[in-house]
Amino acid sequence: MIRNSRIYDTGNDGRGMGEGVYVGSAGGLSDRSDNAQILGNTIGPGVGGEAVDIKEGTTGARVVGNTFDGQGLTGANFDDSWVDVKGNGVLVENNTGRNTTNNGFETHTQQSGWGCGTVFRDNRSDLTGAAGAQQLAINVTNLSGSCPTTVHSSNSVTGGKGLTNIPVTP
């Protein structure tokens with residue numbers, strides 16, 4: 001559990017690395033950093049990668065009540081959002097973000113069967129100044145019947161091109 005922390009000025013060399021919170025390990029499924037809780041933190045500015053990166057092979061993370069300031073994102077190495085979810089069964093709820101190069105929150109499948117079951121609820125995204133291709137509060141790159149993602153209508157966005165690219169759940 002990471003709770004009520006202030007994380008800033010990480011990975012400031014411009015390579016798009018230096019995430020604020022990194023759960024799991026990239027490229028494999030053996031790191032079972034399950035049920036991680038990232039609660040009530042202030043992450044950014046000056047974070048050179050995503051504020052929170054949930055890797056494939058992890059399940060049950062909760063990202064709740066955080067404040068993200070993406071001033072420091074470079075767009076290098078795909079760091080173009082505050083939160084990137086590649087694990088399963090993740091809850092992203094009641095977070096606030098501002099300053100991003102593209103999107104607020106994202107899901108991806110790096111390994112087959114992963115990046116599924118994420119629920120987004122009550123998040124507030126300010127995409128003012130975002131210049132990337134999508135400019136969505138919640139960009140879902142891997143939606144399918146076997147890999148669901150739920151975006152509730154309680155999420156909100158200011159600026160950018162919209163809330164999400166999938167149907168919204170009331």
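- Looking at N41 and N66, their side chains do bring a donor and an acceptor atom within 3.5 Å of each other.
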Given the rule in the side-chain contact (heavy atoms from CB on, under 4.5 Å) test, do T74 and T101 qualify, once you have shown the distances and angles that lead to the verdict? CA-CA 7 Å; T74 65; T101 58; over 6 Å; no
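- For the pair D79 (side chain) and E50 (backbone), a donor-acceptor distance under 3.5 Å is absent.
- Here the closest non-hydrogen pair linking W114 and K86 is CB-O, 3.5 Å.
- Residues V90 and I166 share a hydrophobic cluster, clusters being chains of Ile/Leu/Val/Met/Phe/Trp/Tyr side chains in contact below 4.5 Å.
- Under the 4.5 Å side-chain contact rule for hydrophobic residues, V119 and V168 do not share a cluster.
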Test Q111 against L29 for side-chain contact (heavy atoms from CB on, under 4.5 Å), laying out the working first. CA-CA 8 Å; Q111 298 276 338; L29 303 175; 3.8 Å; yes
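- Taking CG of D122 as the reference point, atom NE2 of H152 lies at 8.5 Å (rounded to 0.5 Å).
- One distance of note links CG of L73 with OG of S81; it measures 7.5 Å at 0.5 Å rounding.
- Using cut-offs of 30° and 60° for the angle between ring planes, the F105 and W82 rings count as perpendicular.
- Distance CG/D53 to CG/D84: 5.0 Å, rounded to 0.5 Å.
- A distance-only check finds no donor-acceptor pair linking the side chain of T107 to the backbone of G115 [under 3.5 Å].
- Side-chain contact between V52 and F68 is present, with heavy atoms from C-beta onward closer than 4.5 Å.
- Closest approach of T59 to D34, counting heavy atoms only: N-OD1, 2.8 Å.
- In this structure, CZ on R98 lies 4.0 Å from CG on D69, to the nearest 0.5 angstrom.
- For the residue pair I43 and A51, the shortest heavy atom distance occurs at CG2-CB, 3.5 Å.
- The nearest pair of heavy atoms linking T58 to D31 is CG2-O, 3.8 Å.
- Applying the 6.0 Å contact sphere to OH of Y22 captures more than 12 heavy atoms from other residues, nucleotides or ligands.
- Hydrophobic clustering of Ile, Leu, Val, Met, Phe, Trp and Tyr side chains at less than 4.5 Å, counting indirect connections, keeps V64 apart from V83.
- A donor-acceptor pair under 3.5 Å is absent between the side-chain atoms of N103 and the main chain of Q134, judged by distance alone.
- Here the straight-line distance linking atom CD of E93 with atom CG of L39 works out to 10.5 Å at 0.5 Å rounding.
- Between the side chain of N99 and the main chain of P45, no donor-acceptor pair closer than 3.5 Å is present.
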Carefully, step by step, assess V21 and V23 under the rule side-chain contact (heavy atoms from CB on, under 4.5 Å). CA-CA 6 Å; V21 177; V23 178; 4.0 Å; yes
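- Separating the NE2 atom in H108 from the CD atom in E56 is a distance of 11.5 Å, to the nearest 0.5 Å.
- A heavy-atom distance below 4.5 Å is not found between the side chains of E106 and T141.
- Counting non-hydrogen atoms of other residues, nucleotides and ligands closer than 6.0 Å to CZ of R3 gives a total of 12 or fewer.
- With salt bridges taken as basic N to acidic carboxylate O contacts below 4.0 Å, none links R124 and D126.
- At least one donor-acceptor pair closer than 3.5 Å links the side chain of K161 to the backbone N or O of A133.
- Side-chain atoms of N123 come within 3.5 Å of backbone N or O of N95 as a donor-acceptor pair.
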Begin from the C-alpha positions of T150 and R121 and carry the test side-chain contact (heavy atoms from CB on, under 4.5 Å) through to its verdict. CA-CA 8 Å; T150 304; R121 184 175 31 235; over 6 Å; no
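- Between the side chain of R6 and the main chain of G44, a donor-acceptor pair closer than 3.5 Å is present.
- Taking both residues in full, the closest heavy atoms of S5 and I2 are given as OG-CG2, 3.9 Å, listed atom of the first, atom of the second, then distance.
- In terms of heavy-atom proximity, C147 sits nearest to T109 at SG-OG1, 4.2 Å.
- When each of N139, V140, L136, L143 is paired with T164, the side chain to side chain contact (heavy atoms under 4.5 Å, CB included) condition holds for V140 and for no other.
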